[in-house]
Amino acid sequence: MIKIIKNANVYSPEPVGKGDILILGDRIAHLDSNIPVPSGLGDVEVVDAKGATIVPGFIDQHVHLIGGGGEGGPATRTPEIQLSQITLNGVTTVVGCLGTDGTTRHMYGLLAKARALELEGISTFIYTGAYEVPTRTITDNVRNDLILIDKVIGVGEIAISDHRSSQPDVAEIRKLAAEARVGGMLGGKPGLVHFHVGGGPRGIQPIFDILETSELPITIFTPTHMNRTPELLEQGAAFAKQGGRVDITAGPEAYKGIMRLLNEFNVPISNITISSDGNGSMPKFDRGGNLIGLGVGSVRADLDTWRDVMVKGHVPMEEALKLLTTNVAQNLNLQGKKGCIVRGADADLVELTDDLEVNRVWAKGRLMVDGGRAVVKGTFE
Ligand code: ZN
């Protein structure tokens with residue numbers, strides 16, 4: 001399986017310039033200003049990008065692959081995601097999670113769905129756990145899951161500062177983080193602790209408390225929904241200044257939070273990531289905690305937020321790309337393999353139109369989207 005994409009304007013995410021990309025199987029084998037089409041090697045597929053911009057496939061580290069929600073009762077459980085809902089938005093790697101409901105949604109189902117999506121063509125990982133502490137696992141505990149189950153790269157999303165959390169105290173969360181740390185080391189994984197942070201006034205104070213009272217490194221903690229309130233964003237800036245990486249949930253106003261982090265708090269862009277919360281429920285509660293509305297998150301929000309950061313926030317493409325590529329790859333210990341266009345990396349590529357829509361997507365060298373349409377669909381799409 002040899003492919004050459006010719007005349008591409010490559011961002012890796014830093015600008016590489018105009019040239020060709022040679023793909024052997026599922027990997028990028030070579031980049032050069034002109035790669036001649038080899039003869040005598042069997043079929044070589046040549047694709048002319050006609051000068052279009054090609055960027056690394058996006059990595060979304062927070063997607064509810066088998067749905068989530070249920071905060072308004074069984075009829076409000078959100079649906080399972082389908083392959084094209086991911087690929088049409090330029091995402092080629094996802095990390096799946098459960099959510100509020102660790103009872104009717106379980107880790108076995110999440111693991112099976114992650115394996116299914118991998119077979120359908122993209123790259124997948126999962127967090128073990130649900131909102132509660134002690135949390136849901138596949139084996140006896142988080143540490144064993146990290147060591148024994150290939151797809152598990154951390155624990156999450158653990159809810160803190162939220163009325164839907166198990167109201168864990170700092171000691172409980174610290175123990176969980178310690179399990180993730182040791183399990184990650186022994187399993188050769190990042191051992192992340194991915195927090196769902198609610199709107200409660202304590203915000204990420206429990207994480208600061210753990211950092212003060214343990215030897216755990218800040219880099220294993222990846223709190224998300226950090227743009228939920230202005231106060232939480234400010235805490236996120238302090239967390240980032242200590243070397244942490246804050247995750248912003250994509251959405252119509254999300255770019256404003258990112259711009260505040262960059263411009264007002266001078267947070268380096270390398271300390272910020274974006275994720276979609278795709279297929280999670282987006283319940284709205286009144287001040288009394290009563291459910292007053294419900295929506296569903298979409299992976300599409302990644303693309304929109306990234307574009308907002310560039311178009312409305314005036315951040316250069318190569319910088320904005322980091323939010324969904326290299327920065328996330330660093331969280332997941334996938335540097336050089338995902339989120340970049342370099343020799344030896346997986347051939348996860350997105351070709352953009354002039355107005356920054358997705359035109360073509362290759363995942364591990366396979367064409368998934370062509371002309372903005374899914375040419376590879378999930379089994380039941
Ligand atoms: Zn969440």
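Just follow the structure's listing: the first ligand is 1, and inside any ligand the first atom is 1.
A ring pair (Phe, Tyr, Trp, His ring centres under 6.0 Å) check over residues 141-192, counting only residues at least two apart or in different chains, returns the pairs His163-Phe285.
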Counting only pairs under 3.5 Å, give me each side-chain donor-acceptor contact of residues 42-59, with atom names and distances, residues two or more places apart or in other chains.
from: Asp48; atom 1: OD1; to: Asn7; atom 2: ND2; distance (Å): 2.9
from: Asp48; atom 1: OD1; to: Lys50; atom 2: N; distance (Å): 2.9
from: Thr53; atom 1: OG1; to: Asn9; atom 2: ND2; distance (Å): 3.3

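Protein nitrogen, oxygen and sulfur atoms, that is N, O or S, within less than 2.8 Å of the Zn ion (ligand 1) amount to 3.
With sequence neighbours excluded, the residues that form a salt bridge (charged side-chain N to carboxylate O under 4.0 Å, His left out) with Arg260 are Glu264.
Here the options are Thr222, Thr224, Ile158, Val155, the test is side-chain contact (heavy atoms from CB on, under 4.5 Å), and the partner is Phe195; only Ile158 passes.
Between Asp348 and Lys338 a salt bridge is recorded (basic side-chain N to carboxylate O distance below 4.0 Å). With salt bridges taken as basic N to acidic carboxylate O contacts below 4.0 Å, one links Arg360 and Glu351.
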